[in-house]
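First up is the structure itself, then whatever we jot down about it.
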Amino acid sequence: MGLPAIEIIAVERRPASPHRALWHGPWGTLLLIGDAQYLSAAVFQGPAPSRPGLARPLPAPWGGRLRLRLALQGTAFQIQVWRALAELRAGEPVSYSELAARIDRPNAARAVASAVAANPVPVLLPCHRVIRRNGQIGQYIGGPARKQRLLIDERTHRRDPDVHERP
């Protein structure tokens, strides 16, 4: 199964974060931070793994929902870009300029790149799918090896990271 629908709400201040959990996958480990309703941050822990593993379901309280709720702090432009990231399909990379065109800002590729780099929830909002127009993978908050691993895994399996409970 892939990612559930993603709901993004813009907040002026990050909500209190009494919930923390580790999420493991072929990209390594992410520390997830949020409250019982909304996830607000994800931070890579340690280096990218040398061998890919299987993604585990998104941990409680966020896993097993039909809609993943994100409470994100950013400018109106960043929120717009992050919502566009949520629409990207697994295994289909897009260039920064193409993403800019998708949000009706065709001349804002550099601003889009900055917003993508500021993504507070990597993997969940798939900023790793955004590449340079020349096909190079470019920079990534988790490092180029991790970005490459995510892109290969998605191309191979044509799926989003597993966030649902397994049957």
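No donor-acceptor distance shorter than 3.5 angstrom exists from the side chain of Gln73 to the backbone of Val11, with no hydrogens or angles considered. Side chain of Trp62 to backbone of Arg69: no donor-acceptor contact under 3.5 angstrom is found. Of the possible polar contacts, one joining the Arg129 side chain to the Leu88 backbone as a donor-acceptor pair under 3.5 Å is found. Under a 3.5 Å cut-off, the side chain of Arg83 and the backbone N or O of Ile79 do not form any donor-acceptor pair. A donor-acceptor contact shorter than 3.5 Å links the side chain of Asn119 to the backbone of Leu125. Proximity of a side-chain donor or acceptor of Lys147 to a complementary backbone N or O of Ile141 within less than 3.5 Å is not detected. Looking at Arg149, its side chain never comes within 3.5 Å of a backbone N or O of Gly28 through a donor-acceptor pair. Under the 3.5 Å distance criterion, the side-chain polar atoms of Ser95 are left unmatched by any main-chain donor or acceptor of Asn134. Judged by distance alone, with hydrogens and angles left aside, the side-chain atoms of Glu154 form no donor-acceptor pair with the main-chain N or O of Leu151 at under 3.5 Å.
Within the 4.5 Å cutoff, no side-chain heavy atoms of Leu72 are placed close to those of Tyr38. Side-chain contact between Leu22 and Leu32 is absent, with no heavy atoms from C-beta onward closer than 4.5 Å. Annotation: side chain of Val81 is in contact with side chain of Leu99 (closest heavy-atom distance under 4.5 Å). Contact check for Ile6 versus Leu124: no side-chain heavy atoms found under the 4.5 Å cut-off. Residues Phe44 and Trp27 meet the side-chain proximity criterion, which asks for heavy atoms closer than 4.5 Å. Annotation: side chain of Cys127 is not in contact with side chain of Trp82 (no heavy-atom distance under 4.5 Å).
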>> For Val94 and Ile131: C-alpha separation, side-chain torsions, deciding distance, then whether side chain to side chain contact (heavy atoms under 4.5 Å, CB included) applies.
In response: CA-CA 6 Å; Val94 61; Ile131 60 171; over 6 Å; no
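Minimum heavy-atom separation, Pro26 to Pro49: O-CG, 3.5 Å. Summarising the geometry of Ala48 relative to Ala145, their closest heavy-atom pair is CB-CB, 4.5 Å, with the distance given to 0.1 Å. Taking every heavy atom of both residues into account, Ala118 and Gln78 meet most closely at CB-NE2, 3.5 Å. Nearest approach of Ile8 to Ala86, heavy atoms of both residues: CD1-CB, 4.4 Å.
Atoms CZ and OG1, from Arg56 and Thr29 in turn, are 8.0 Å apart once rounded to the nearest 0.5 Å. Taken from CG in Leu31 to CH2 in Trp23, the straight-line distance is 13.0 Å, to the nearest 0.5 Å. In this structure, the separation between CD on Glu7 and CD1 on Ile9 is 6.5 Å, given to the nearest 0.5 Å. If you take CZ on Arg133 and OH on Tyr96, they are separated by 12.5 Å, rounding to the nearest 0.5 Å. Separating the OG atom in Ser97 from the CZ atom in Arg102 is a distance of 11.0 Å, to the nearest 0.5 Å.
With no hydrogens or angles considered, no side-chain donor-acceptor pair links Gln148 and His128 at under 3.5 Å.
Both Leu85 and Phe77 sit in one connected hydrophobic cluster of ILVMFWY residues. Membership requires side-chain heavy atoms under 4.5 Å apart, directly or through other members.
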